[in-house]
Amino acid sequence: DGFSAPRLFAQGVSYTYDDVIVLPGYIDFPADAVDLSTRLSRRLPLSIPCVASPMDTVSEASMSIAMAALGGAAIVHCNDAPARQAAVIRAAKSRRIPFVTDPAFFSPSDVVPDFGQDAYALVTESGNSKSKVIGVVAKSDWESLQDKSATVSDYMRPAPELVPASYDFEKVASFLVGGGLEYAPLVAEDGEVVDLVTKEDVERIRAFPKLGMPSLDSDGRFIVGAAIGTRETDKERLEHLVKAGANVVVVDSSQGNSSYQIDMIKYAKSMYPKLDVIGGNVVTIAQAQNLIKAGADGLRVGMGSGSICTTQEVCAVGRGQATAVYKVASFAKDHDVPVIADGGISNSGHIVKALVLGASTVMMGSFLAGSSEAPGVYEYLNGHRVKKYRGMGSLEAMTKGSDARYLGDKLKLKVAQGVVGSVADKGSVLKFIPYTMQAVKQGFQDLGASSLQSARDLLHSEILRFEVRTGAAQVEGGVHGLVSYEKKFF
Ligand code: XMP
């Protein structure tokens, strides 16, 4: 019944996730027994198969921390000066709690504090994170002040108890709750204040589904990845990133099968033998072969499948994502190189399909860009709360520097391969990723696969069967025929 994967994908047709459907298998285990643990690259294990894209509207410190806390990972984008990218990695690696609060700092002589969204700010001797904490100012205290010309020292609260930044979330929570405290600054070993955690933060995080095994390096710090380009200057960038503690680097090109990328992979592998280097992007076996030969420890698969991509329209090059993932993953498995299915993920069903076609992880941009952990602020658009999300090949992003990914070198005329848009507010990834993973487990259960490996065994033994959906079948597979409905996922 149905088609085996080799037969389905041998017909010269480029399929994407929505084109194909997987036929159900036999269930003899509960959904909660499904193990989604995997590898990002040859030597980097993850407990969930989720990776945040190296894009400047997706992955900076807050996303990196949250994704690692969930058991996945984020790849910090390189559309920034090397020192700033390294600072983002350092910030992510200095935390043990799953969120960043980014408190404001004032000196005692400041007059009008800008609290931003926060209820509290810290007062330090010099008004920055590197000097001694001497008090806290509360927005409510400021609001009830009669004399708005008062200096911070006139109404600040006494110096709070400090918490070592090496405490994980549970330890910080019990310190705060056990001590009946409203807030506690987290202080690193060198005395720098890295965060201010409040009782509300603890209550918010505790209301989310319980986190699984976080992605930690051998020092117990969150695993964080970083993107680099293929220019000569990226060698210096790489040095900054390795010093900052990046656990893996992704060579970020839209067409990875180039002499520039091959040279960069070889350089990175020879300079930093312990560092895993992920190559890409590729969509064919020939491309994958070259990068694996160069020493790639992982491959990023996808060309033109991203929600903000216009590469296929502009350059006529690419491949349907289901076909690309299946072809590359089938080849890469024989070399023990994990594959990242990059782009085109807009629901949990797409994740199930990517994984059963052989991907070890999925990389997501738009799926994560509306979260509170993505960079940028929420805005209102036609009554919807949205965040900006832009392609790294959009003119706007390239103007900031990401042209290396799309143009390879300094071309005089810039032609965009991506767009600028916005995505809906989705709340915290700490909440919606656990629900998404639960949905993926249910998909695996329906297929009769209790782990990624068992799905792969079913795929390659041709027990797993597929069919192509017609346009009408795709319509039928979505919600249809209702006058109105509300799409609630959890
Ligand atoms: P999703 O679908 O998750 O895709 O939003 C994210 C992936 O899209 C790629 N990307 C681009 N591709 N032009 C492109 O052709 C662009 O401007 C662009 N920006 C990002 C990238 O692989 C990312 O992970």
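Side-chain atoms are counted along with the backbone in the values below, which use heavy atoms only and exclude waters and symmetry mates. Each residue takes its place number in the sequence, starting with 1.
- Checked by atom type and distance alone, the side chain of Tyr17 never pairs as donor or acceptor with a backbone atom of Val352 at under 3.5 Å.
- A side-chain donor-acceptor contact under 3.5 Å links Thr38 to the backbone of Ser360.
- Salt-bridge annotation for Lys171 and Asp168: absent, with no side-chain N of the basic residue lying under 4.0 Å from a carboxylate O of the acidic one.
- Applying the 6.0 Å contact sphere to CD of Gln453 captures more than 12 heavy atoms from other residues, nucleotides or ligands.
- Between Gln261 and Asn257 the shortest side-chain heavy-atom distance does not fall below 4.5 Å.
- At distances below 3.5 Å, at least one donor-acceptor pair connects side-chain atoms of Asn347 with backbone N or O atoms of Gly349.
- Remark: Lys210 NZ to Leu430 CG distance equals 12.5 Å, nearest 0.5 Å.
- Checked by atom type and distance alone, the side chain of Lys441 never pairs as donor or acceptor with a backbone atom of Asp35 at under 3.5 Å.
- Defined by atom type and a distance below 3.5 Å, a donor-acceptor pair is missing between the side-chain atoms of Ser126 and Asn128.
- Using a 4.5 Å heavy-atom threshold, the side chains of Pro54 and Cys78 count as separate.
- Salt bridge status for Arg206 with Glu170: present, with a side-chain N to carboxylate O gap under 4.0 Å.
- Of the possible polar contacts, one joining the Ser270 side chain to the Tyr267 backbone as a donor-acceptor pair under 3.5 Å is found.
- The residues Glu373 and Lys426 are annotated as not salt-bridged, no charged nitrogen and carboxylate oxygen being separated by less than 4.0 angstrom.
- Of the possible polar contacts, none joining the Asp446 side chain to the Gly443 backbone as a donor-acceptor pair under 3.5 Å is found.
- Heavy atoms from other residues, nucleotides or ligands lying under 6.0 Å from CD of Glu203 number more than 12.
- Of all heavy-atom pairs between Pro160 and Val133, the closest is CD-CG1, 3.8 Å.
- Around atom CD of Glu125, more than 12 heavy atoms belonging to other residues, nucleotides or ligands sit under 6.0 Å away.
- For Ser41 and Asp276, the side-chain atoms include at least one donor-acceptor pair closer than 3.5 Å.
- At least one donor-acceptor pair under 3.5 Å links the side chain of Ser330 to the backbone N or O of Tyr326.
- Side-chain contact check for Leu355 versus Phe444: some heavy-atom pair is nearer than 4.5 Å.
- For Lys269, the NZ atom is densely surrounded, since the number of other residues' heavy atoms within 6.0 Å is greater than 12.
- With sequence neighbours left out, Glu379 forms a salt bridge (Lys or Arg N to Asp or Glu O under 4.0 Å) with no residue at all.
- Contact of the Asp263 side chain with the Thr230 side chain is not registered, since no non-hydrogen atoms from C-beta on lie closer than 4.5 Å.
- A salt bridge links Asp195 with Arg95: the distance from a Lys NZ or Arg NE/NH1/NH2 to an Asp or Glu carboxylate oxygen falls below 4.0 Å.
- Under 3.5 Å, the side chains of Gln417 and Thr311 contain a donor-acceptor pair of N or O atoms.
- The number of heavy-atom neighbours closer than 6.0 Å to NZ of Lys431, taken from other residues, nucleotides and ligands shown, is 12 or below.
- Residue pairs meeting the salt bridge (charged side-chain N to carboxylate O under 4.0 Å, His left out) criterion with at least one partner in residues 57-67, sequence neighbours excluded, are Glu60-Arg84.
- Here the straight-line distance linking atom CG of Leu36 with atom OG of Ser47 works out to 9.5 Å at 0.5 Å rounding.
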Next on the checklist: If you apply the rule side-chain hydrogen bond (donor to acceptor under 3.5 Å, both in side chains), what do you find for Asp18 with Thr16, and how did you get there?
Outcome noted: CA-CA 6 Å; Asp18 279 339; Thr16 192; over 6 Å; no
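- Residues satisfying the ring pair (Phe, Tyr, Trp, His ring centres under 6.0 Å) test with Phe175, not counting sequence neighbours, are none.
- Salt bridge present: Lys243 and Glu239 bring a charged side-chain N and a carboxylate O closer than 4.0 Å.
- For Ser422 (side chain) and Val386 (main-chain N/O), no donor-acceptor pair under 3.5 Å exists by modelled atom type.
- Val194 and Ala165 make their closest contact through CG2-CB, 3.7 Å (heavy atoms, listed as atom of the first residue, atom of the second, distance).
- Asp56 has a carboxylate O that lies under 4.0 Å from a charged side-chain N of Arg390, or vice versa, which qualifies the two as a salt bridge.
- Gln85 places no side-chain N or O within 3.5 Å of a backbone atom of Ile228 that could act as its donor or acceptor partner.
- Minimum interatomic distance between Leu291 and Gly279 (heavy atoms only, all atoms of both residues): CD1-C, 3.9 Å.
- Relative ring orientation between Phe9 and Phe466 is described as perpendicular, the plane-to-plane angle rising above 60° on a 0-90° scale split at 30° and 60°.
- Here the closest heavy-atom approach between residue Val328 and residue Ala288 is recorded as CG1-CB, 3.9 Å.
- Judged by distance alone, the side chains of Gln321 and Asp342 never bring a donor and an acceptor atom under 3.5 Å apart.
- Judged by distance alone, the side chains of Thr198 and Asp201 do bring a donor and an acceptor atom under 3.5 Å apart.
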Item to check | Full working for side-chain hydrogen bond (donor to acceptor under 3.5 Å, both in side chains) between Asn281 and Ser254 | outcome: CA-CA 5 Å; Asn281 280 26; Ser254 58; over 6 Å; no
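- Looking at Phe222 and Pro214, their side chains come closer than 4.5 Å, going by heavy atoms from C-beta outward.
- A parallel orientation is assigned to the rings of Phe490 and Tyr435, their planes being inclined by less than 30° (bins at 30° and 60°).
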